[in-house]
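Have a look at the structure below, then the notes.
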Amino acid sequence: MKGIIFNLLEDYIASNHGEEAYERLLARCNLKTGEPLLMVAPGTYPDEDFHEIVRQAAAAGHLPVDDFYRDFGRFAIPRMADRYPDFFAPFHHPKDFLKFTGMVHLVEVKKLYKDAQVPDFTCRDTGPDTLLLRYTSERMLCRLVEGLIEGVAEYYNVPIRCRQTRCQRRGDMTCEFSIHFAEGSGRESADGQRSR
Ligand code: HEM
């Protein structure tokens, strides 16, 4: 997993419990990486280390791991928008941004980090206020995806209902999310732009 994801995880844990608590937590983790405090955005670190930090942090906060991932996803989106503003600026509605998620990873993330092992996203536009989003990855981080979808909706200030209809962890080939955006939230304004 790329260092940028570890950096976001550090920000999340430190913003809830403080930087010192994060460092104490790292000291308790059984990590493969030799120099965990030097994790840098373009570097690549073992997925097991990511899971270990999440496991320890969730336990310390008395949260189920799935809830931790979801909350982390919601936290991460505004930070990603600060870091990659150009990816968010062209869009005014979460549906349009989410339709771009596959391209972000396959094209933009790959341009930034050639060795990234990106997840696969495909979308089916099922109606004016609905979207089916499919996520496929060996990492099977669907609770994180759910939190990220919610974070995107909050970022563009559009209420959603999101239901997971397929899950790789239950043996399906892909994870599928059926997303319903607040009615009329996607109405286009006179200049063809969606209103936020
Ligand atoms: C501007 C927006 C985004 C950027 C720049 C971005 C970038 C990245 C990067 C760099 C990674 C690490 C890949 C690796 O470690 O090899 C990653 C992983 C991931 N991204 Fe994004 N991402 C964005 C938006 C999203 C959104 C909206 C979702 C979900 C709807 C999402 C879901 C994930 C997941 C679940 C992973 C973990 C890796 C996996 O499951 O295989 N990302 N992303």
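Indexing begins at 1, ligand by ligand and atom by atom, following the structure's order. The chain is numbered in sequence order, starting from 1. Small disclaimer: the values here were computed from a predicted structure and weren't measured. Computed over heavy atoms, backbone and side chain alike; hydrogens, waters and symmetry mates excluded.
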Residues in ring pair (Phe, Tyr, Trp, His ring centres under 6.0 Å) contact with Phe6, at least two apart in sequence or another chain: Tyr45, Phe50

Minimum side-chain heavy-atom gap Gln168-Thr136 below 4.5 Å: yes

Distance dump, ligand 1 polar atoms to protein, N/O, under 3.5 Å:
unit_1	atom_1	unit_2	atom_2	d
ligand 1	15 (O)	Lys2	N	2.7
ligand 1	16 (O)	Gln117	N	2.7
ligand 1	20 (N)	His105	NE2	3.0
ligand 1	22 (N)	His105	NE2	2.9
ligand 1	40 (O)	Tyr135	OH	2.6
ligand 1	40 (O)	Ser137	OG	3.4
ligand 1	41 (O)	Ser137	OG	2.6
ligand 1	41 (O)	Arg139	NH1	2.9
ligand 1	42 (N)	His105	NE2	3.0
ligand 1	43 (N)	His105	NE2	3.0

Lys/Arg cation over aromatic Phe75: Arg79, 6.0 Å, 45° cone: yes

Mutual orientation of the aromatic rings belonging to Phe97 and Phe88 [parallel < 30°, tilted 30-60°, perpendicular > 60°]: parallel

Pair His105-Phe121, ring pair (Phe, Tyr, Trp, His ring centres under 6.0 Å): steps then yes or no: CA-CA 8 Å; His105 291 89; Phe121 288 95; 5.2 Å; yes

Test log, rule ring pair (Phe, Tyr, Trp, His ring centres under 6.0 Å), inputs Phe91 and Phe100: CA-CA 9 Å; Phe91 304 104; Phe100 171 66; 5.0 Å; yes

